[in-house]
Structures are given as C-alpha cells and as structure tokens.
Amino acid sequence: MTYAPDRLYSEVAYVAYHFHWSLESILDLEHAERLRYVEEIGRINTRISAGSGSGFGSGR
C-alpha cells in the first residue's frame, strides 16, 4: 500500500509542531502509531479550544 506524500507531510508537520520531535523520530513510528498521535493531538487541541484547561484529564 502506498501512502500519499501530501498526507505524510501533513502528519509529520502536525506532530513535529506540537511535540517538537525530529523528522527521524516521527518517520520511525509505524503508520498506525503516528496516526494515533495525530488523533490525540487533535483531541487535546479540541479540549483546549473548548476552554477545558490543559487538554488533559477530565478538564478539572
């Protein structure tokens, strides 16, 4: 299965921006693991945007 280069760049940029990981570290992740980080970053950003504080935990 091939992976669209634009999608890969987008995922790498997203994780690198938020976690400040190196390109090598991000590319070393399995595809499913990298997608999981992308999803979790999205959830954190959504919670922060909703005003629930740090984005972690229950929002207390």
Side-chain angles (χ1 to χ4, degrees):
M1 179 173 138
T2 59
Y3 198 63
D6 288 343
R7 176 110 185 241
L8 179 61
Y9 277 106
S10 178
E11 290 174 10
V12 169
Y14 193 67
V15 174
Y17 176 82
H18 289 282
F19 286 171
H20 309 285
W21 291 354
S22 70
L23 175 62
E24 183 178 301
S25 295
I26 298 167
L27 291 176
D28 281 345
L29 297 171
E30 293 291 327
H31 177 225
E33 188 176 12
R34 189 174 53 250
L35 283 178
R36 177 68 189 265
Y37 279 110
V38 167
E39 291 168 1
E40 290 302 322
I41 292 167
R43 286 185 188 100
I44 291 167
N45 285 335
T46 298
R47 288 192 298 264
I48 289 170
S49 294
S52 63
S54 69
F56 295 101
S58 62
R60 289 186 262 157

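For the numbers below, each heavy atom of this structure counts, side chains included, while hydrogens, waters and symmetry mates do not.
For Ser25, the side-chain hydrogen bond (donor to acceptor under 3.5 Å, both in side chains) test picks out Ser22, with sequence neighbours left out.
Formation of a donor-acceptor pair under 3.5 Å by the Ser49 side chain with backbone atoms of Asn45 is found in this model.
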Self-check item: Criterion side chain to side chain contact (heavy atoms under 4.5 Å, CB included) on Phe19 and Ile41, from CA distance to verdict
Solution: CA-CA 9 Å; Phe19 286 171; Ile41 292 167; 3.8 Å; yes

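Counting heavy atoms from C-beta on, the side chains of Glu11 and Ile26 never come closer than 4.5 Å.
What you find for Leu35 and Arg7 is that their closest heavy atoms are CD2-NH2, 3.8 Å.
Residue Glu39 qualifies as enclosed at atom CD: its count of foreign heavy atoms under 6.0 Å is above 12. No more than 12 heavy-atom neighbours from other residues, nucleotides or ligands sit within 6.0 angstrom of OH on Tyr37.
Put simply, CG on Leu23 and OH on Tyr9 are 8.5 Å apart, with the number rounded to the nearest 0.5 Å. The structure places CG of Leu8 at 8.0 Å from NE2 of His31, a figure rounded to the nearest 0.5 Å.
The existence of a salt bridge linking Glu33 and Arg36 is excluded, since no basic side-chain nitrogen approaches an acidic carboxylate oxygen closer than 4.0 Å.
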